[in-house]
Q: 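Shown below is the structure under consideration.
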Amino acid sequence: RKPLRYRCDRHHVPAEETPLPDQPTSHLRNRPRQARSAARVEHLLDAAEAVFEEVGYDAATTNLVAARAEVPVGTLYRWFPDKNALAEALADRYLGLLVGLYDDLLTDIDPEERAGEFLRRVMHKLTSATRDQRALPALLVSAMVPGGRSSAGARLRAGLEGYIREVLEMRVPGLPDDVRDRTADVCVTLAHLILAAASDDAHPEREAMVDEYIDVMLAYLEAKFPDIGHPVWTDPDPSIRPLHPAPDRATRVAASNRP
């Protein structure tokens, strides 16, 4: 088991109480009104991030978070009513970066790019941008366990799933909604494996495992959405039945050049 990565420094708290501008309380029990209080809240979130990363969402407790932060559990409860509130606040922190990243990726789609090149570029950019979001894989998996869904994990999963739906609509126009949604759901689960592998610094073949999981996602998408000229469409008994034809490179380029 990997050791907890403890990046909180309890000595880095402002010495003087500086008033803060009004901001939403989000999932906090109380809104911090001074810079020192805000730093303490961030310190607790850093500790929660480390605990979620090590033991997962389900096994995490407020006592573990307080111990990691080196504060009495009563101090934690002053700001956060439970571990779900901690997870929600971390989700807010992560989504602040992820929403901008998804927007950037959606505006950086080249119709001439092959599916494999596109998928590898996007996934490597996603894993690189989320390397510091250490609890992201744990929160995503918390939304995948039957009966154990956390609302924070569900929000993170929904954000990633929404991005994947938009990419599918761009790369495979005319995709029926039910097929698009089911495919996005599968891809989110595979993306979780990619993100988890990318964050596993202790694995001696971390980069190789990331590439293997990306290949699994690519193989799935290519099998389900071959272009219209692929021989699988005339195969009476294909090993994997395709769902919808994807446009070939020439068709994508022609469509992108239309006024």
Side-chain angles (χ1 to χ4, degrees), residues 1-102 126-143 148-160 192 195-196 198-201:
R1 178 180 289 182
K2 294 185 295 181
L4 280 175
R5 290 178 178 82
Y6 177 49
R7 297 181 300 281
C8 320
D9 188 344
R10 59 196 177 101
H11 299 295
H12 289 175
V13 175
E16 296 183 3
E17 293 283 359
T18 305
L20 294 174
D22 284 344
Q23 49 188 287
T25 58
S26 181
H27 309 283
L28 293 169
R29 190 189 293 274
N30 299 294
R31 182 177 70 83
R33 298 184 179 278
Q34 305 292 336
R36 181 180 296 176
S37 299
R40 191 168 292 119
V41 167
E42 291 302 310
H43 172 65
L44 289 168
L45 287 177
D46 289 345
E49 182 178 51
V51 171
F52 289 147
E53 179 191 8
E54 185 191 20
V55 305
Y57 177 80
D58 286 344
T61 65
T62 51
N63 283 332
L64 283 175
V65 174
R68 176 54 55 185
E70 299 181 355
V71 300
V73 72
T75 298
L76 185 151
Y77 284 134
R78 178 184 176 189
W79 304 106
F80 296 99
D82 49 36
K83 75 171 181 181
N84 184 62
L86 286 161
E88 290 285 3
L90 275 177
D92 287 346
R93 178 192 280 184
Y94 291 171
L95 285 169
L97 179 147
L98 289 171
V99 169
L101 175 63
Y102 296 154
L126 181 61
T127 56
S128 176
T130 58
R131 285 275 294 160
D132 291 333
Q133 298 184 341
R134 307 301 302 186
L136 180 60
L139 292 177
L140 282 172
V141 79
S142 74
R149 286 177 174 265
S150 74
S151 54
R155 282 200 296 139
L156 290 166
R157 184 179 174 90
L160 182 54
H192 163 256
L195 292 170
S199 68
D200 189 0
D201 294 329

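We're numbering straight along the sequence, starting at 1. This is a predicted model, so every value here is computed, not measured.
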Q: Enter the distance from E54:CD to L64:CG here, rounded to the nearest 0.5 Å.
A: 8.5 Å
Q: Could you tell me the separation between the OG atom of S150 and the CG atom of L139, rounded to the nearest 0.5 Å?
A: 6.0 Å
Q: Measure the shortest side-chain to side-chain distance between H192 and R157 over non-hydrogen atoms and say whether it is less than 4.5 angstrom.
A: no
Q: Heavy-atom distance under 4.5 Å between the side chains of L86 and L76, does that happen here?
A: yes
Q: Nearest 0.5 Å, what's the CG-CG distance between L195 and L140?
A: 6.5 Å
Q: Taking the side chain as every heavy atom from C-beta outward, state whether L90 and Q133 have any pair of such atoms under 4.5 Å apart.
A: no
Q: Could you go step by step and tell me if L126 and L160 meet the side-chain contact (heavy atoms from CB on, under 4.5 Å) rule?
A: CA-CA 10 Å; L126 181 61; L160 182 54; 4.2 Å; yes
Q: Are R155 and D92 close enough, and set up right, to give a side-chain contact (heavy atoms from CB on, under 4.5 Å), and what steps lead you there?
A: CA-CA 9 Å; R155 282 200 296 139; D92 287 346; 3.0 Å; yes
Q: How far apart are the closest heavy atoms of P32 and L28, and which atoms are they?
A: CD-CD1, 3.5 Å
Q: How far apart are the closest heavy atoms of W79 and S37, and which atoms are they?
A: CH2-CB, 3.7 Å
Q: Which atom names give the shortest non-hydrogen contact between P137 and S199, and what distance separates them?
A: CG-OG, 3.7 Å
Q: Please determine which of L44, N30, T62 meets the side chain to side chain contact (heavy atoms under 4.5 Å, CB included) test together with F80.
A: L44
Q: Show me the side-chain donor-acceptor pairs of residues 93-102 shorter than 3.5 Å, one per line, residues at least two apart or across chains.
A:
residue : atom : partner : partner atom : Å
R93     : NH1  : D46     : OD1          : 3.0
R93     : NH2  : E42     : OE1          : 2.6
R93     : NH2  : D46     : OD1          : 3.3
Y94     : OH   : E49     : OE2          : 2.5
Y94     : OH   : A135    : N            : 3.1

Q: K83 versus V65: any side-chain heavy-atom pair under 4.5 Å?
A: no
Q: Checking Y57 against V141 for the side-chain contact (heavy atoms from CB on, under 4.5 Å) test, could you report, in this order, the C-alpha distance in whole Å, the side-chain angles of both residues, the deciding distance, and whether it holds?
A: CA-CA 8 Å; Y57 177 80; V141 79; over 6 Å; no
Q: Got a donor-acceptor contact below 3.5 angstrom from the R134 side chain to the A50 backbone?
A: no
Q: So which heavy atom on P81 is nearest to which on H27, and how close?
A: CD-O, 3.9 Å
